[in-house]
Amino acid sequence: MRIEACKMKIFPGMEAEYEKRHDEIWPEMIEMIHERGGRNYSIFLDKETLTLFSYIEVVDEEKWNQAPGELNFRWWNYMADIMETNEDNSPKSVELKSVFHLD
């Protein structure tokens with residue numbers, strides 16, 4: 001198993017909308033994350049900086065590293081109006097290096 005963490009940013013005033021969209025996450029997104037080996041996925045918000053911190057445990061790296069599918073692109077397009085994105089609407093994210101872990 002591998003643990004991944006990254007940070008992203010939402011636009012000012014979009015905190016409630018970001019949370020709402022994740023409260024109503026599409027069932028097919030949950031299924032796809034699980035099918036690709038993602039578990040224990042959490043996203044946290046620093047309200048002062050509007051920085052998101054995501055954490056996910058990856059149990060199947062081969063599946064997880066597959067190219068994004070149509071569902072990913074639909075979700076990215078859906079979220080693009082409330083957060084910083086790349087040209088393809090994927091979230092701008094910075095991978096965080098693990099420096100300590102304790103079970």
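Just so you know, these numbers use all the heavy atoms, side chains as well, and skip hydrogens, waters and symmetry mates.
By the 4.5 Å heavy-atom criterion applied to side chains, V58 and I3 are not counted as neighbours. Counting only heavy atoms from C-beta outward, the side chains of E57 and Y55 approach each other to under 4.5 Å. At least one side-chain heavy atom of I43 sits less than 4.5 Å from a side-chain heavy atom of Y41. Using a 4.5 Å cut-off on side-chain heavy atoms (C-beta onward), Y18 and L52 make contact. With a 4.5 Å cut-off on side-chain heavy atoms, L50 and P12 count as touching. A heavy-atom distance below 4.5 Å is found between the side chains of D88 and W76. Looking only at side-chain heavy atoms (C-beta outward), I10 and E84 stay at 4.5 Å or farther from each other. Between K7 and L96 there is a side-chain heavy-atom pair separated by less than 4.5 Å.
Checked against H22 for a ring pair (Phe, Tyr, Trp, His ring centres under 6.0 Å), the options W75, F44, Y78 give a single hit: W75.
Rounding to the nearest 0.5 angstrom, the gap separating the CZ atom in F53 from the OG atom in S42 is 8.5 Å. Interatomic distance, OG1 of T51 versus CG of L45, reported as 8.0 Å (0.5 Å rounding). Interatomic distance, W64 CH2 to R39 CZ, rounded to the nearest 0.5 Å: 10.0 Å.
The salt bridge (Lys or Arg N to Asp or Glu O under 4.0 Å) pairs that include a residue from residues 21-37 are E17-R21, K20-E24, R21-D81, E28-R74, where partners are two or more places apart or lie in different chains.
The environment of E61 atom CD is dense: over 12 non-hydrogen atoms of other residues, nucleotides or ligands sit within 6.0 angstrom.
Looking only at distances, a side-chain donor or acceptor of D60 sits under 3.5 Å from a matching main-chain atom of E62.
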* To do: Apply the test side chain to side chain contact (heavy atoms under 4.5 Å, CB included) to residues M8 and M83: give CA-CA distance (whole Å), side-chain angles for both, the deciding distance (0.1 Å), then the verdict.
  => CA-CA 8 Å; M8 302 168 281; M83 65 187 304; 4.0 Å; yes
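Under the 4.5 Å side-chain heavy-atom criterion for ILVMFWY residues, no single connected hydrophobic cluster contains both V59 and I33.
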